[in-house]
Amino acid sequence: MPDAGSPLFIAGQTASGKSDVALLLAERCGGEIISVDSMQVYRGLDIGTAKLSVEERRGLPHHLIDVANLDEAFDAARFVSLARGAVEEIEARGRRPIFCGGTGLYFKAFLQGLGESPPGDAGLRAELQQTPLPELLRELSEGDPAAFEQMDQKNPRRVVRAIEVMRLTGRPFSAQRAAWRPADAGGPSSKVFALDRDPEELRSRIDARVTGMFESGLVEETKELLTRGLESNPAAMQAIGYRQVVEHLQGHRSLDETIALVEQRTRQFAKRQKTWLRHQLPVEWIPVAPGESAEAVADRIGNKLKT
């Protein structure tokens, strides 16, 4: 493998096996993990984000996990700031930073720089959050058709941010999101490896993970998080699993229906992740055969790094 200080980037869809591969690579090259997950940053969001337990981390340091409370905002700019600090600390110890996660925007922000969008305006955002989603979508479709077509229209947080930027700048959100500043954080030769599993196998892995989450106490965890302000954090409430369990607790659907819905939403999310990575980052896809072990995948990535 390259020198210990050269960052390594492991991306991929949810439930694709990224964490297991990253742990093996870290053990082999003296690495430390930097989590690239927009939900694992929150303290308390454990079961529903598939956050590794202390035991599962096998004694390897993990960074950018549990760095924000539920009453805090967290965005790509803060991720980049904390990630750069983590890289400096890791490299100062003579170890290797290994970025691992599924939040493509955070990978892109770290590697290519942040766009020119303005900081949030608390007053305007509060106003927009009280506006019905259909009205927001209508404004977005009229003011920025490109963003309207590309955006997850069922995600109020992203719709609100797009309109907030449009109103503050008078310019289309899509144009500003495309204006990424060059950055030297990862370097021009940085490789992003993305695990790519067979769709049917990934579906089975997702369904098994969701079942395991509910068996491990996702409903109980959500109840506890509600007492700590989960519903007041729009970003955390968008985390798949928690939002659906909150709706279950409010009487909107049965537990079995909730589990099926979380499985469906997670599969849809995984498809969006792959599409985003394919079009937004220069990744090298690593096909993972059904039943292939994490050790074998780590071996293949390690061999690629030697060439």
Side-chain angles (χ1 to χ4, degrees), residues 6-23 25 33-41 49-50 64 75-77 79-80 83 97-115 146-147 149-155 157-158 161-162 173-174 177-183 185-206 209 235 238-240 264-290 292 294 297-298 300-301 304-305:
S6 177
L8 173 60
F9 302 88
I10 306 294
Q13 297 162 279
T14 186
S16 61
K18 303 180 296 295
S19 295
D20 289 340
V21 172
L23 280 168
L25 291 169
I33 307 294
I34 297 178
S35 172
V36 190
D37 189 301
S38 63
M39 295 301 164
Q40 291 191 3
V41 299
T49 64
L64 273 66
D75 57 17
F79 170 81
V80 170
I98 299 181
F99 287 74
C100 176
T103 302
L105 177 62
Y106 285 7
F107 277 107
K108 185 169 183 176
F110 183 83
L111 289 166
Q112 300 182 14
L114 291 163
E149 291 297 329
Q150 298 171 4
M151 186 170 296
D152 177 6
Q153 297 172 15
K154 296 181 180 179
N155 188 328
R157 179 171 60 92
R158 294 184 180 176
R161 177 56 178 163
F173 178 66
S174 57
R177 282 290 299 275
W180 297 86
R181 294 194 303 271
S189 62
S190 297
K191 278 188 175 181
V192 180
F193 295 101
L195 305 191
D196 187 17
R197 287 188 179 272
D198 173 79
E200 283 305 312
E201 186 192 22
L202 186 66
R203 178 190 178 103
S204 296
R205 289 172 65 91
I206 287 172
R209 171 179 284 188
Q238 289 302 314
I240 297 173
Q264 179 188 53
R265 292 283 188 268
T266 306
R267 293 193 295 267
Q268 292 169 340
F269 174 63
K271 289 180 181 179
R272 293 196 299 272
Q273 283 178 304
K274 186 171 184 178
T275 299
W276 200 99
L277 287 169
R278 183 182 291 131
H279 293 99
Q280 297 290 332
L281 282 176
V283 304
E284 179 172 349
W285 292 97
I286 305 296
V288 181
E292 185 176 10
V297 178
R300 290 199 283 126
I301 292 177
K304 287 179 177 293
L305 292 170

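Sequential numbering from 1 along the given sequence is applied to the chain's residues.
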**Message:** Please verify the inter-ring angle class for Phe79 with Phe110; under 30° counts as parallel, over 60° as perpendicular, anything in between as tilted.
**Reply:**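 Judged by the thresholds at 30° and 60°, the geometry between Phe79 and Phe110 is perpendicular.
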**Prompt:** With Phe269, which of Lys271, Gln273, Arg267, Arg265 fulfils side-chain contact (heavy atoms from CB on, under 4.5 Å)?
**Reply:**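 Running side-chain contact (heavy atoms from CB on, under 4.5 Å) over Lys271, Gln273, Arg267, Arg265 with Phe269 returns exactly one hit, Gln273.
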Non-hydrogen atoms of [X] and [Y] that approach each other most closely:
X: Lys18; Y: Gly12; value: CD-N, 3.3 Å
X: Phe99; Y: Ala83; value: CE2-CB, 4.0 Å
X: Trp285; Y: Lys274; value: CH2-CG, 3.7 Å
X: Ile10; Y: Phe107; value: O-CZ, 3.5 Å
X: Ile206; Y: Ala15; value: CG1-CB, 3.8 Å
X: Cys100; Y: Ile33; value: CB-CG2, 4.3 Å

**Message:** Under a 3.5 Å cutoff, is there a donor and acceptor pairing between the side chains of Thr14 and Arg209?
**Reply:**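 Distance-only check passes for Thr14 and Arg209.
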**Message:** Could you work out, with side-chain hydrogen bond (donor to acceptor under 3.5 Å, both in side chains) as the rule, every residue matching Arg278, not counting sequence neighbours?
**Reply:**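 Counting only residues at least two positions away or on another chain, Arg278 forms no side-chain hydrogen bond (donor to acceptor under 3.5 Å, both in side chains).
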**side-chain hydrogen bond (donor to acceptor under 3.5 Å, both in side chains) against Gln153, all qualifying residues, sequence neighbours excluded** =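 Residues passing side-chain hydrogen bond (donor to acceptor under 3.5 Å, both in side chains) with Gln153: none at all.
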**Asked** Do Val192 and Leu277 have side-chain heavy atoms sitting under 4.5 Å apart?
**Response**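 Of all side-chain heavy-atom pairs linking Leu277 with Val192, none is under 4.5 Å.
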From [X] atom [atom1] to [Y] atom [atom2], the distance as rounded to the nearest 0.5 Å:
X: Ser6; Y: Leu305; atom1: OG; atom2: CG; answer: 8.0 Å
X: Ser19; Y: Gln40; atom1: OG; atom2: CD; answer: 7.0 Å
X: Leu195; Y: Gln13; atom1: CG; atom2: CD; answer: 9.5 Å
X: Asn155; Y: Arg161; atom1: CG; atom2: CZ; answer: 13.5 Å

**Message:** Evaluate Ile286 against Lys304 for side chain to side chain contact (heavy atoms under 4.5 Å, CB included), listing each step before the verdict.
**Reply:** CA-CA 10 Å; Ile286 305 296; Lys304 287 179 177 293; 3.6 Å; yes
**Prompt:** Stepwise, does the side chain to side chain contact (heavy atoms under 4.5 Å, CB included) test hold for Met39 with Thr103?
**Reply:** CA-CA 9 Å; Met39 295 301 164; Thr103 302; over 6 Å; no
**Asked** With a cut-off of 6.0 Å (strictly less than), are more than 12 heavy atoms of other residues, nucleotides or ligands near CZ of Arg158?
**Response**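 Not buried by this count: 12 neighbours or fewer within 6.0 Å.
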**Trace of the side chain to side chain contact (heavy atoms under 4.5 Å, CB included) decision for Leu8 with Phe193** = CA-CA 8 Å; Leu8 173 60; Phe193 295 101; 3.7 Å; yes
**Prompt:** Would Val21 and Val288 count as a side chain to side chain contact (heavy atoms under 4.5 Å, CB included) if you check the C-alpha gap in whole Å, the side-chain angles of each, and the deciding distance to 0.1 Å?
**Reply:** CA-CA 11 Å; Val21 172; Val288 181; over 6 Å; no
**Asked** Sub-3.5 Å donor-acceptor pair from the side chain of Arg300 to the main-chain atoms of Pro287, do we have one?
**Response**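 Answer holds: yes.
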